[in-house]
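Being a predicted model, the structure only gives us computed values, none of them experimental. Letters go in sequence order (proteins before strands), and every chain restarts at 1.
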Protein chains: 2
Amino acid sequence: MSSDNPETRTRILKAALNLLEAGQGKSVRMTDIAKRAGISRQAVYLHFSTRAELLIATTYYLDEVKGAEERLVPSRATRSGIERLDAFIEAWGGYIPEIYGIAKALLAMKDTDEAAAKAWDERMQDMREGCEAAIKALKRDNRLSPHHSQKKATDILWTMLSVRNWEQLTIECGWPQEQYIETLKSLARRVFVVEDASN
Amino acid sequence: MSSDNPETRTRILKAALNLLEAGQGKSVRMTDIAKRAGISRQAVYLHFSTRAELLIATTYYLDEVKGAEERLVPSRATRSGIERLDAFIEAWGGYIPEIYGIAKALLAMKDTDEAAAKAWDERMQDMREGCEAAIKALKRDNRLSPHHSQKKATDILWTMLSVRNWEQLTIECGWPQEQYIETLKSLARRVFVVEDASN
DNA sequence: GTGTCAATTGACATGGTGTCAAGCGCCCTT
DNA sequence: AAGGGCGCTTGACACCATGTCAATTGACAC
């Protein structure tokens with residue numbers, strides 16, 4: 001079981017979140033999390049039976065805390081496909097730095113841990129739906145470049161917006177977050193948008 | 001020291017290579033490599049003092065075996081910037097599947113192992129030089145889009161061509177290698193090339 | 001034969017995850 | 001006020017991979 005005392009449970013989640021955010025990808029041990037939560041290591045296992053399970057629960061907690069859902073509201077509310085594409089890139093691109101710590105941890109486990117892989121893929125699938133919606137909206141407006149099928153365009157946008165690419169551009173290449181967002185918006189336009197595909 | 005008997009040394013490297021290629025990213029243990037080389041685990045340590053050192057040596061061995069250098073010759077030999085961009089994408093994009101196994105192993109160690117990180121970054125730096133050269137050639141021809149500075153264009157091309165992106169598009173999205181290459185060439189054109197920037 | 005050197009064997013340290021069992025303190029019940 | 005249940009603690013332990021160490025073997029060289 002992994003529920004009984006909700007107090008301690010959320011203390012653990014908070015601790016995990018803090019450490020993952022602060023560590024920016026540095027590996028965080030069960031011991032560290034326990035210590036931070038002011039609890040014994042074994043108590044952590046009383047609530048989450050594996051590290052993977054804890055990390056996964058942490059992602060849900062993160063979404064709750066940061067209001068992941070609400071962020072996407074503006075992108076859904078926009079009228080034109082182009083606006084929607086922009087709004088989505090802005091929302092997701094702005095969200096990445098907040099989830100980066102935990103994303104990194106999950107990503108690192110992906111290769112060895114089945115559960116971690118599944119959790120991560122699930123979330124990326126959610127994100128992909130956003131991409132797909134933006135592409136569909138473009139298509140509806142007859143502004144989607146005829147170079148790409150809908151599936152292919154979605155694949156490309158999804159890949160462009162990956163956490164790994166954000167990492168490479170901002171952390172390795174030193175781009176400021178602002179530039180990342182602006183550039184990705186402009187790239188997406190160049191790649192996906194045409195004047196009017198119906199003519 | 002890590003040299004004395006070149007026979008055994010290359011047997012180890014071959015074993016590592018085989019396993020990494022076959023495993024397509026699955027973690028390969030020192031024990032596995034030793035067994036494959038028909039040698040005791042400790043003998044491996046006689047030649048390579050750490051796993052990281054072995055993996056790094058394996059990348060050099062790989063380059064040697066696959067003739068990494070020669071692959072880039074056609075891209076250097078081309079006249080126009082556009083041809084060079086195409087040739088580079090083809091050469092590098094075609095090389096990725098061959099190095100994928102070891103790339104994955106190195107990438108997985110990057111977070112925890114200093115040496116592995118350095119080795120990987122070094123190789124990516126080499127690759128980046130190819131990107132930079134292609135961008136410079138475009139610029140020289142006045143065909144580089146004025147949207148991007150040379151540095152920024154290099155950053156983008158470098159990121160587009162990352163192993164992670166190849167992985168996502170081919171393995172996760174299921175693109176055939178052929179489609180990967182063609183699409184990346186076409187994307188690069190759309191993103192970087194203009195009719196003639198000097199007018 | 002004796003030395004040298006690659007390789008073998010087997011034991012051991014380390015560091016992290018996950019397991020197990022016993023015990024402790026606190027609140028709830030009756 | 002005694003007894004139970006429950007959340008947590010303590011400490012020992014198994015596991016697994018990397019890396020270390022020391023003693024030994026076997027071949028070839030002089």
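Here D:dA27 presents its P atom at 17 Å from CD of B:Glu7, a figure rounded to the nearest Å. Atom CD in B:Glu114 sits roughly 15 Å away from atom P in D:dG19 (whole-Å rounding). In this entry the distance linking CD1 of B:Ile39 with P of C:dA7 reads 6 Å, nearest Å. Look at CD1 on B:Ile12: it is 7 Å from P on C:dA7, rounded to the nearest Å.
In this model, the phosphate group of D:dC8 is approached by a side-chain N or O of A:His47 to a distance below 4.0 Å at OP1 or OP2.
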Pairwise N/O distances under 3.5 Å, protein to nucleotides 16-23 of chain C:
from, atom 1, to, atom 2, distance (Å)
C:dG16, OP1, A:Arg29, NH1, 2.8
C:dT17, OP1, A:Met30, N, 3.4
C:dG18, OP2, A:Tyr45, OH, 3.4
C:dG18, OP2, A:Arg51, N, 2.8
C:dG18, N7, A:Arg41, NH1, 3.0
C:dG18, O6, A:Arg41, NH2, 2.8
C:dT19, O4, A:Gln42, NE2, 3.3

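Under the 30°/60° scheme for interplanar angles, the aromatic rings of A:Trp166 and A:Tyr180 are found to stand perpendicular.
C:dG25: Watson-Crick or G-U partner is D:dC6, with both key distances under 3.5 Å.
Closest heavy-atom contact between B:Leu144 and B:Ala153: CD1-CB, 4.2 Å.
Salt-bridge check for A:Lys104 with B:Asp111: passed, with a basic side-chain N closer than 4.0 Å to an acidic carboxylate O. Looking at A:Arg51 and A:Asp113, no side-chain N of the basic residue comes within less than 4.0 Å of a carboxylate O on the acidic one, giving no salt bridge. Under 4.0 Å is where a charged nitrogen must lie from a carboxylate oxygen, and between B:Asp155 and B:Arg128 at least one such pair does. Of the charged side-chain nitrogens involved, at least one lies within less than 4.0 Å of a carboxylate oxygen, so that B:Lys110 and A:Glu172 count as a salt-bridged pair.
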